[in-house]
Amino acid sequence: MQPYLATFRRYGWLIAAIVVIVWGAGLLSAYVEYSTTFESDATIWVLRASPELLVTSPNDPSAPILQTAASQQADLLEQLLLTQSFVRDVVQKTSLSAALDAAPDQRRFLAAVAKSFQIDTHGTNLLTVAYLSHDPQLGPEMVNAALAVRADRVAQASVTFSAAANTLYQQQLQLAETQALDAQRKLDAFDAENAVPLSDLQQHQRDQLRLGLDYAQVRLGDIRGRIDQATLAPAVLAVSGMEFQVVDEPRAEASPRGGTKPAAMTAMIGFVAGAALAALLVLLGTILPAHATGSADVARLVPMKLIASVPRVPRLQGSASSADVRSSLAAIAFGDGPEKAGPSR
């Protein structure tokens, strides 16, 4: 530990200068990041969890994972932001469209835009969609564009799902109508072949045919009700605007907001970099060999393995033997103290 402290004292001014420069640059960058970052957010109320967005357990696909309405919509937005097509559609609706066309690497540009979005949930039905930017007017544009593109994607998916469900229900409806017609035809044929009064066996047969017809008609009515429900329910919720309602519209902020976390990260990186450079300088200054300036520095070489001898060390004129580096080196090499080295030959 003593050599490191000695190196630290030796290069104290240099280490202090490096630390002040790096830490000052980090603090300046953090202040610029904090003072030029603007956050614009929208608060959204979600009425209910959509059955089309249910997530199933990987261990049991038949068991859905319980999700709140807010977390479900937040997951949907986060997944959409992972796709380049969604982010591209959002950017093309804003003033960043020209910057996207001029960007040399559009993939990196879209990734930076997606990272600027922040989605948080508040309770079971509230969530916020925010966008961080250095331009206070850009935030509301991006949030509104993201919500608009999300609405278009959800509407398109709803239409596709409704069309697929309608096709399936229509096939089931045709089958049910065919079964109901067959049951009615069998009952009419039985009534035409058997005159009243009927025997007990004939009455039992007719009751069975009538029961089959009633079951076919009930199933036919149930399928028609499902078709009407599948067609009307999404349309009613979309018209009412209650399923996904923007409570607080995004607006341009006049004062900086939202840059606390990026500024703290920038300052932390600056402090860590300054401390790391100072530690590296102390380490290199201790490990790398230094110049010997006297007998005390030469004495530090005693633990090292002897790799050569000094048969003849001339004395420098005007220097005492106790202060002569070469005399000290010769004395240590031959095992005598500096005071016993004697005159050199």
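The first residue of the sequence shown is numbered 1, and numbering continues consecutively from there.
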Using atom types as modelled and distance alone, determine if a side-chain donor or acceptor of [X] lies under 3.5 Å from a backbone N or O of [Y].
X: Ser97; Y: Val91; result: no
X: Gln106; Y: Leu100; result: yes
X: Ser116; Y: Ala112; result: yes
X: Glu33; Y: Thr266; result: no
X: Asp248; Y: Ala42; result: no

How about [X] and [Y]: do any of their side-chain heavy atoms sit closer than 4.5 Å?
X: Ile119; Y: Leu81; answer: yes
X: Leu126; Y: Trp45; answer: yes
X: Leu281; Y: Leu277; answer: no
X: Val113; Y: Tyr131; answer: yes
X: His134; Y: Thr37; answer: yes
X: His122; Y: Thr43; answer: no
X: Arg150; Y: Leu80; answer: yes
X: Glu249; Y: Asn144; answer: yes

Any idea which heavy atoms bring [X] and [Y] closest together, and the distance?
X: Leu110; Y: Gln84; value: CD1-O, 4.0 Å
X: Phe86; Y: Ala146; value: CZ-O, 3.7 Å
X: Ala99; Y: Phe109; value: CB-CZ, 4.0 Å
X: Ala275; Y: Trp23; value: N-NE1, 3.9 Å
X: Arg251; Y: Pro140; value: C-CG, 3.4 Å
X: Val143; Y: Pro250; value: CG1-CG, 3.8 Å

What pairs with Arg206 under side-chain contact (heavy atoms from CB on, under 4.5 Å), at least two apart in sequence or on another chain?
-> Leu187, Phe190, Asp191, Leu198
Kindly write out the residues that satisfy side-chain contact (heavy atoms from CB on, under 4.5 Å) with Asp182, not counting sequence neighbours, or none if the list is empty.
-> Thr178, Arg185
Answer yes or no: does atom CG of Asp200 have more than 12 heavy-atom neighbours from other residues, nucleotides or ligands under 6.0 Å?
-> no
Please round to the nearest 0.5 Å and tell me the distance separating atom CD1 of Ile269 and atom OG of Ser29.
-> 10.0 Å
Could you list the donor-acceptor pairs under 3.5 angstrom formed between side-chain atoms of residues 210-225 and any protein atom two or more places apart in sequence or on another chain?
{"from": "Asp222", "atom 1": "OD2", "to": "Arg226", "atom 2": "NE", "distance (Å)": "3.2"}
{"from": "Asp222", "atom 1": "OD2", "to": "Arg226", "atom 2": "NH2", "distance (Å)": "3.4"}
{"from": "Arg224", "atom 1": "NH2", "to": "Glu177", "atom 2": "OE2", "distance (Å)": "3.4"}

Only one of Val87, Leu147, Thr94 forms a side chain to side chain contact (heavy atoms under 4.5 Å, CB included) with Met142, so which one is it?
-> Thr94
Hydrophobic cluster identity match, Ile15 and Leu283, side-chain contacts under 4.5 Å | yes
Val282, Leu14: one ILVMFWY side-chain cluster at the under-4.5 Å cut-off?
-> yes
Go through Gln179 and Leu175 one step at a time and tell me if the side chain to side chain contact (heavy atoms under 4.5 Å, CB included) criterion holds.
-> CA-CA 6 Å; Gln179 292 175 350; Leu175 179 60; 3.8 Å; yes
Residues Gln79 and Asp75: side-chain donor-acceptor under 3.5 angstrom = no
Side chain to side chain contact (heavy atoms under 4.5 Å, CB included) between Asn194 and Gln205, intermediate numbers included = CA-CA 11 Å; Asn194 300 278; Gln205 291 177 351; 5.8 Å; no
